[in-house]
Amino acid sequence: MLVVMGRLQRVSGPVLDLLIPQRCAACARPGHGLCRRCLRAAATLRCSDGAPEHLAPGVLALAPFRYDGVIARAIRSVKTPGRHAAAVGLGELLWAEMAPRLGAAALWPRTWIPSTRARIRARGAEIPRLLAGSDARGWLRRVRQVGEQKARAGHERRRGPWGDFRCDQLVPYGVVMVDDVRTTGATATAAAAALRDAGARRILVITLAAVRNPNGPSANSPAEPYYA
Ligand SMILES: [Zn+2]
């Protein structure tokens, strides 16, 4: 028994994920990403227009789902320690939903908005990275952690999240940047600024879900997809 335990302890991370039966992220029934029942429920949360929001010059955000119901449950669930494996299936759902909307951006490289070290430790994984897929590149890094933010002087804090991210290499003209949820768009805007400093001129922010802008999509969205 001790020998078996010792072997199990050496099998960890992605290998262990393969050994554990796959569960629906929203309801924990057997399933990959979402089970059939939750997929049907998710269909009612689709944003038919992709919930476009123009965050900054050259930075457009899109999401296939509203942040509500099974989608909100699934996202909260994969952030629970030990349940991150289902995020890979949610990522496959994300790209299947987004494929018809990506246009030329389907060929752009993907990166993700990095989580803080504390969140990665607590969750056992970096959820945006799992959503982005295995081909995604880790171009961004956090330069300030949340704890450090509290210690900043008042005048610096007022500058908001700008400068929280850095990209240490040159990146292509067009980049797809992935996160789990878009709420105010402030984090994505700050991360996109780091990619712009590194050479990107068109950044498509893709999140699994978006909290609708209360002013409505027409108030803050481009007339045409700029990335086509
Ligand atoms: Zn389910």
Under the rule for side chain to side chain contact (heavy atoms under 4.5 Å, CB included), what residues qualify as partners of [X], not counting sequence neighbours?
X: Ala132; value: Trp112, Ala136, Val178
X: Ile120; value: Ser115, Glu126
X: Ala200; value: Val171, Val175, Leu195, Ile203
X: Ala188; value: Leu55, Ile113, Met177, Val205

Residues that Arg129 engages under side-chain hydrogen bond (donor to acceptor under 3.5 Å, both in side chains), provided they are two or more places apart: none
Could you pull out all residues at least two apart from Arg196 that satisfy side-chain hydrogen bond (donor to acceptor under 3.5 Å, both in side chains)? none
Partners passing salt bridge (Lys or Arg N to Asp or Glu O under 4.0 Å) against [X] (at least two apart in sequence or in another chain):
X: Arg66; answer: Asp68
X: Asp168; answer: Arg141
X: Asp179; answer: none

So, are Asp197 and Arg166 salt-bridged, with charged N and O less than 4.0 Å apart? no
Could you give all pairs that pass the salt bridge (Lys or Arg N to Asp or Glu O under 4.0 Å) test and reach residues 26-47, with sequence neighbours left out? Arg46-Glu97
Is the side chain of Ser77 donor-acceptor paired with the backbone N or O of Ala25 at a distance under 3.5 Å, no angle test? yes
Do the non-hydrogen side-chain atoms of Val78 and Leu130 ever get within less than 4.5 Å of each other? no
